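Right, one structure below, let's go through it.
In listed order, ligands and their atoms are each counted from 1. Please read these numbers as outputs of a predicted model, since none were measured by experiment.
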Amino acid sequence: MIPFLDLTRQHAALRAELMDAAGRVLDSARFILGPEGEALEQDLAKHVGVAHAIGVASGTDALRLALAAVGVGPGDEVITTAFSFVASASTIVMAGATPVFVDIDPATFALEAEGVARAITPRTRAIVPVHLYGHAAAIDRIAELGRTHGVAVIEDAAQAIGATYAGRPLGAWGDAACLSFYPTKNLGACGDAGMILTNRSDLAERLRRLRHHGDGGRYRHLELGYSSRLDDLQAALLRVKLGRLEAWTAARRRIAARYHDALAGLPLTLPIEREPARHVYHLYTIRHRQRDALAKALVQLGVGTAVHYPIAVPGQPMFGLPAERQWPEAARASREVLSLPCYAELTDDEVNQATRAVRTACEGL
Ligand SMILES: *Cc1c(COP(=O)(O)O)cnc(C)c1O
């Protein structure tokens, strides 16, 4: 069986370095807002080319705090995509605001820029584009819409670390950008962790306060905040992995290219990399009308797959909106998408075996 994802391979290869990093933190007994977290913030700010990075407890919290920092609250509307992990939208609700869903461009799976333009109202306070699967949304156009309308842009870059648009890293386009280090992400912790990136020093200062109970120093609390700090143990492990990220991304891109060549001509829709985006293939996601039958056949042929995501966000029970009618592309994607194994430790043989299995499965449908 080729597992859809196998983190044990990554950890086996890095074991000595990871243990060493963890030991360093245990010995220092500095676990919260310590030197490792600060070092990771600096490393990541440099990696993405932004002025500030603020470590928090998860990607979800990164979104929640970024929304709070730009002033999103009750009565506000926040525009986001109809097709993503639920946190892209649920955090808007947590902030007390109303998510306004925009349908996706079916070629890139990202929210469609003209749909964003049409959704802007006087109540719009922010736009949250998601660079889904590691491919950029039309971030140049969306950033321009934000500037024109005086609306904050918060990039959900949870799946897109290392990706670029027109040569500029994702995460460096918006007023702020949110990263997740959930274990399965391209840069994954051994637990929960997240980060907010920004070039705005006013936001950076407020975010540092918000993540620690609105603290202004010496137990003086300036505003209502959160308990959401990046822990140093995770930061130390992430610093080890950050050193490998570029090689891992290159490996993901090689695997994607091999899938692309080997699966061309089959009755499938393959993911695209649309100029001027550079994809990091957090997920290699194909589409097929008989997705469930294809997934079942692939399991029988020894290939693990996963569905990201089986329900369009507005159609989630927590929202209960008529996705089929109002966001047809998101609804169609939720029925058709299937992610194939795509991670740096996959062997050439496994990639060959997976492509043969997809071919056989397609012929049998
Ligand atoms: C993973 C993810 C999040 C949430 O991150 P957590 O670290 O799991 O809280 C948000 N948005 C997207 C698009 C994600 O993939």
Side-chain angles (χ1 to χ4, degrees), residues 4-5 7 37 40 44 53-68 78-95 99 101-102 104 108-111 126-137 139 142 153-163 170-171 173-174 176-197 211 226-231 233-235 237-238 241 252 271 279-285 306-314 316 318-319 330 333-334 337 339 342-343:
F4 173 69
L5 178 63
L7 287 172
L40 181 69
L44 273 164
I54 299 95
V56 293
S58 70
T60 300
D61 276 1
L63 286 163
R64 205 154 65 111
L65 269 67
L67 288 165
V78 177
I79 298 170
T80 193
T81 173
F83 193 60
S84 182
F85 179 59
V86 71
S88 307
S90 60
T91 48
I92 296 167
V93 180
M94 290 176 201
F101 295 107
V102 168
I104 55 167
T108 63
F109 297 98
L111 80 177
I127 306 168
V128 179
V130 182
H131 307 301
L132 201 70
Y133 304 156
H135 190 289
I139 192 63
I142 291 168
V153 173
I154 298 170
E155 294 173 76
D156 180 342
Q159 303 186 359
I161 188 166
L170 301 184
W173 289 80
C178 299
L179 299 176
S180 163
F181 307 122
Y182 185 78
T184 62
K185 299 288 156 80
N186 286 22
L187 178 63
C190 302
D192 274 312
M195 197 162 286
I196 305 152
L197 307 171
R211 72 175 167 183
Y226 304 80
S227 173
S228 182
R229 290 123 348 187
L230 171 67
D231 87 60
L233 201 47
Q234 297 306 336
L237 300 171
L238 284 164
K241 294 193 182 189
R252 285 175 185 271
H279 205 321
V280 292
Y281 295 98
H282 168 59
L283 297 168
Y284 186 91
T285 302
V307 173
H308 305 91
Y309 298 90
I311 307 177
V313 186
Q316 290 288 354
M318 67 171 284
F319 292 112
S334 71
V337 291
S339 305
C342 184
Y343 46 97

Ring centre gap for His282 and Phe85 strictly below 6.0 Å: no
For the student: nearest non-hydrogen atoms of Ala89 and Thr80, plus distance: CB-CG2, 4.2 Å
Min N/O separation Gly59 to ligand 1 under 3.5 Å: yes
Region of Val130 engaging ligand 1 - heavy atom pairs below 4.0 Å: side chain
Parallel, tilted or perpendicular: rings of His308 and Phe4 (30°, 60°): tilted
Atom 9 (O) of ligand 1: the protein heavy-atom neighbour that sits closest, reported with distance to 0.1 Å: Thr60 OG1, 2.5 Å
Heavy-atom gap Ser84 to ligand 1 smaller than 4.0 Å: yes
Which residue and heavy atom of the protein sit nearest atom 15 (O) of ligand 1, plus the separation: Gln159 NE2, 2.8 Å
Flag, side chain of Arg252 to backbone of Tyr281, donor-acceptor distance under 3.5 Å: yes
Which of the ligand 1 atoms, numbered from 1, are nearer than 4.0 Å to a heavy atom of Ser58: 7 (O), 9 (O)
Stepwise side-chain contact (heavy atoms from CB on, under 4.5 Å) check, Thr91 with Thr60: CA-CA 7 Å; Thr91 48; Thr60 300; 3.7 Å; yes
Whether Tyr343 side chain and Thr184 backbone form a donor-acceptor pair below 3.5 Å: no
Donor-acceptor contact below 3.5 Å, side chain Glu155 vs main chain Trp173: yes
Ligand 1 atoms in contact with Ser88 (distance to a heavy atom under 4.0 Å): 11 (N), 13 (C)
Part of Asp156 with heavy atoms under 4.0 Å of ligand 1, whether side chain, backbone, both or neither: side chain
Under 3.5 Å: N/O of Asp192 near N/O of ligand 1: no
Nearest-neighbour protein heavy atom for atom 14 (C) of ligand 1, which is reported as residue plus atom name and distance: Lys185 NZ, 3.2 Å
